[in-house]
Every structure is written in structure tokens, then in C-alpha cells.
Amino acid sequence: MSDNTRPVRVRFAPSPTGYLHVGGARTAFYNYLYARHMGGQFVLRIEDTDEARSTEESLRMQIGDLEWLGLTWDEGPDAKTLKDMGSHGPYRQSQRKEIYESYALKLIELGKAYYCFLTDAEIEEQRAASLKAGRPPQVDSPYRNWTVAQASERIAKGDKPVVRFKVTDEKRDYVLKDLVRGEVRFPSDMVGDFVLIRSTGMPVYNFCCVIDDHLMHITHVLRAEEHLSNTLRQMMIYEALGWDLPEFGHMSIILGPDKQKLSKRHGATSCFEYSQNGYLPEALLNFIALLGWSSPKAQEILSVADMIAQFSTDRLNPAAAVFDEQKLLWMNATHLRALPHRELWERVEPFLTKANLKLPGDWAWREQALEVFKTSMQTLKDAVELFRPLSREPVDVTAEGKEAMAWETSSKVVSKWKDLVAAHQSDFMTEAQFNEYQEKIKTECEVKGKQLFQPIRVAVIGKPQGAELKVLVPLLHKEILLERASQVLATN
RNA sequence: GUCCCCUUCGUCUAGAGGCCUAGGACAUCUCCCUUUCACGGAGAAGACACGAGUUCGAAUCUCGUAGGGGACGCCA
């Protein structure tokens, strides 16, 4: 076990084989929170030993997502240049091949690993036979006790072996003290001799992970539950090399609504999609943090600073959690409404720009508009449809809008409204002026309530429901108001 | 199949033997506010998977059963 006086060093070790999944984001976040809470370091390591699937593009995407989330790392590839920063590099496993190789050689020397020439077909045959006999499908390599000389001879002939770890014949339990799950016992015969180095010379995950965690002085490994059974192999490697184990904590996985591991078929699962759909990084973080962790103060809405202050591994929940989109939406809306208007505008603006909406540029107008609409927004993207009627383009009149316009007094109301707007002297109307006009329509057309408000609202935003007219109308330029009224009357 | 992990309202969770008639949040429903929509406020309904033990006492400890998940790769 690691000694507690050492500074805490944790790491997030994604493999660049696609976007950053929300599950990965949660793992990264817990590591980040722990590091920041303990005043330790957070390392980003890239596990790109799967040459076929790892891409530079994925790396950039994942780094971009981590940046969007605001999870900054102290060591690892620089977010912009991808050049290593920190004194424990390189941080990309593909650049550490010699290191792994030297340790593999050491294990072979120690008699704890060996070259194995079994082919895929032979292994498959063994698996099938074992399964049929009801035994665990483990390899039983005839090369297990070959001498290095024997193997070298064969290698010289051009055969490319893998390096396998020699699992002890002595049957015993490996005991893991997991930070999340407590004591977990693994029988040593749970695994067969496993591969350390592929025939291509590239090492595999379980091996790199141990070497890197040790060499990078990682003190705590917080990772997903799917790695729990890998831990046995890793413990064997630590033992063979005579190294101390770091602390491990295996957190539960995230499930979809059907209780299956959350995946693409459940919908949006990447951080990138959430950012594109108008979610706030702080809301996403708040939500995923609570999927498997709880605040000791029973807070539901927490800032990143709150979470750093309150985080501890002993409140990590071992049970799997279902990702509830509804609650995320609520949480997003809550964070969004708490934002100062200027900041909210900065976040909303890219979405409005993308939708090509031309809106007035002054801050007074913007703040007023946000004040009116923010209670209807759950995501930043929602602003687009809310703000669209405020831009200078014709609105689509909804079915309900047409219905309201079909009432017998509606045309009269809108005509009168149009006349009043046309006669209005300045570009914008004040709330008081609108109230005055409203009173005029009310008395002159002899309508009130629904019959009064809804047709006017349709003539303003194209639908009968929405924000109060007295706050809505002052946001629209007289010309737009006039065009809208004409448009609605014409299509009626 | 083997091994490992998990099991409190529909969902996220609080709960470390008596404070539990099981608390909170999302969602749902009702009411209030309100010209409408949303926001906000008040309330309702809703769970300890099952069975044995241990104990004066169990959601909490133990063991079984069931269900779910994960791993068993020259993926990570």
C-alpha cells in the first residue's frame, strides 16, 4: 500500500478511439476532484497501444472535450500543442515502447514471463475445448517452460512470439482493498497466462498500466468497474516486479434506461454532443458527479468549487446508476438560470449566430430579452427558437396560432393593433405605451382576456402562448411588429 | 459456462443496529400565483428484491435464492 505522506497523484487514461463518453468524463472528473481536493496532481495519460483504433483525431477531440469541461491537468500532453508537459513523460503509451520492453525482458529473466508461439487458431481450439469441458477458457501454453535459448532460436527463424505472464501455479487468493468496494478476493486461477507484449512488439493495457502507474508515481487509481477483474492481473505484475500497489477505487458503471451499459444506441453519450446541444459543462459535471457520488451536505446543485471542497472517495457508490436525461435537463436549466445575464449571453450567442439570427446588439436589449426568456430555456439551444421571433424574419404561425386567429374578433383586434403600431412614433415601445394601446384595443374592440391577448401574441410571435406581452413587445422593433401584424392578417 | 461486483420510491440518492411511521432531488399528479406558456410556492402519491439466520431490536450484520451488471482478447 502506498504511504499516505506522499502527495496524491491521480490520472485519467483515455484511449483515443472516439469521442469522450460521459462515463469517461465522470471518471476524469472524480480523479480531478480528488486531486484538487487533496492538493495533489492530476495526470493525463494517453493509452494508445491499440494501433488499429487509436487516432490523432480522437485524441484532439477528447482533449477538446476535457477542456470544454474545464478539467485541467497538471501533466500530460499540452492541450494545444500536444507536446508533453511534466517530468514523468512521455505521456503517450505508444512512445513508451522501449520502457515496457525492458520490463518485459526483466520478467522473462526472472522466469515470470515467457515467449509464446501459440497461434490464434490454436488458442481458439483450446478455448472451445475448455468451454466444452466446462473449464474456464484459459490458455495452456506448451511454451511455458521453454528456455530463452529455445525461444531465441525460433525467433531467429522469423517467428514472432507474444510475451506471456506466467501466472503462479500455487493456488491462492489475491486480496484487493478497494476504496469503493471494500475487500475483494480474487482466486489466482481466475486468469490464465496473459499477454504482456503482442507479437507486433506493442504491449497491452494491463502491462502498460502497471508500468506507467508505478513510474508516474500514481498513488490512487480511480477507474470504472469494468477494470475490476483486470486488477488481479495487474496485482500479479506489481508483485512480480516487487512494486507496491497504489490504492484502487472501482466505481460503478453508468447504465441506459434499459439498465444496459450506456452506449450510443441510448442516444447522446458523448460530451461533444452535449456541448453541441446546449448543455453547460458545469451542469453536466454536476449531474454526472451525482451519478455515483453524493454531497455530504445533501446538496443537489453544486458548483465545481463546491464539489472540490466536498469530494471524498468514501461517498462513492458501488451500485450502477441509470443516466436520467430528464434530471440532467432540469439541472442544466437550473445552472443556466443562475448565470449572470452577460455570461449567459456569451454562452447563448454562438447558438444564435449559428442559426443566423440578426438581433439588436445593445446590452440593455440583450439583458431584457434574457430576463424574459431564461425561465423558458432548459438548454442554450432553446434560445434559438425563443429568440427567432425577435429577429427580422417572418414567423411560422403555429396551428394553435391559426386557431386563435379564427375567432371572430381576432382580425379586428389585430387590425387595430396594426394601426396602433403604425401610428407609434419611436422604434421601440415601452411597457407603459403597450399597456395604453392594449387598453384602447380592449375598449374599442370590446374584447378581453384570451380573446384580447392571444391574437395579439400571435401577431407578435406567431403563437398564442409565451411570455407576457408587455415585456415581449418592447423587445421588438416597430417595423418587425408591423410586418408580423400584416403577415398574420394576410394569411388569416 | 467460470469468476467477480451490485440490489432503498419510475430514476439519482440519504441511511454505517434503535433517531425510519425510511429523508431529499428529478419525473408524475393536485392546488396556489397568473390573460396564456414558463418560472416560483404548497401538497399528494411512490421504495428497503426474496427467504432464512444473528440480535431485546435489522434497510443497516451473516448465509442462501433470484435478478442485473462486468470480466474471461495479441481491446481498453
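Throughout, protein chains are lettered first and strands after them, A, B, ... in sequence-line order, and every chain is numbered starting at 1. Note that this is a predicted model, so its numbers are computed, not measured. What's counted below: heavy atoms across the whole structure, side chains too, no hydrogens, waters or symmetry copies.
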| said: Checking contacts here: which listed nucleotide (B:C6, B:G24, B:C75) is nearest the side-chain heavy atoms of A:E300? | reply: B:G24
| message | Tell me whether A:W330 and B:C26 count as stacked here, given that the ring centres must be under 5.5 Å apart and the planes must differ by less than 30 degrees. | response | no
| task | Using a cut-off of strictly less than 4.0 Å between a heavy atom of the residue and any atom of RNA chain B, enumerate the qualifying residues of residues 280-296 of chain A by number. | result | A:L290, A:L291, A:G292, A:S294
| query | Looking at the side chain of A:F186, which of B:A25, B:U36, B:C4 is the nearest nucleotide? | reply | B:C4
| remark: Testing B:A76, B:A14, B:U7 for proximity to the side chain of A:A319, the answer is B:U7
| note | Side-chain atoms of A:V184 come closest, of B:C3, B:C4, B:C74, to B:C4
| request: Measure from the side-chain heavy atoms of A:K327 and tell me the nearest of B:C26, B:C4, B:C75. | output: B:C26
| said: Between P on B:G40 and NZ on A:K374, what's the gap in Å once rounded to a whole number? | reply: 11 Å
| task | Give A:D189 one of three labels, base, sugar-phosphate or nothing, depending on what nucleic acid heavy atoms sit under 4.0 Å from its own. | result | nothing
| Side chain of A:N206 (C-beta onward), nearest among B:A76, B:C5, B:G73 | B:A76
| remark: Per atom distances to the A:K261 side chain, the nearest of B:C26, B:U11, B:A71 is B:A71
| query | What is the nucleic acid contact for A:R337, judged by heavy atoms within less than 4.0 Å: base, sugar-phosphate only, or nothing? | reply | sugar-phosphate
| Rounded to the Å, how far apart are A:K97 NZ and B:C74 P? | 17 Å
| With respect to the side chain of A:V204, which nucleotide from B:A14, B:G70, B:C74 is positioned closest? | B:C74
| task | Look at all strands and tell whether A:R315 reaches a base, only sugar-phosphate, or nothing, counting heavy atoms closer than 4.0 Å. | result | sugar-phosphate
| Nucleotide B:C37, atom C1' - distance to CD of A:E403 in whole Å | 15 Å
Side-chain donor/acceptor pairs under 3.5 Å, residues 455-469 of chain A, sequence neighbours excluded:
residue	atom	partner	partner atom	Å
A:R457	NE	A:A467	O	3.1
A:R457	NH1	A:P464	O	2.8
A:R457	NH2	A:A467	O	3.2

| note | Side-chain atoms of A:A321 come closest, of B:U36, B:C74, B:U13, to B:U13
| task | For RNA chain B, find the residues of residues 459-476 of chain A with a heavy-atom distance under 4.0 Å and give them by number; none if there aren't any. | result | A:P464, A:Q465, A:G466, A:A467, A:E468, A:L469
| Is the A:W146 ring parallel, tilted or perpendicular to the A:Y143 ring (thresholds 30°, 60°)? | perpendicular
| Which part of the nucleic acid, if any, lies within contact of A:V162, taking any heavy atom under 4.0 Å across all strands shown: a base, the sugar-phosphate backbone alone, or nothing? | base
| Considering only heavy atoms and no angle criterion, is a donor-acceptor pair shorter than 3.5 Å present between the side chain of A:D324 and the base of B:A27? | no
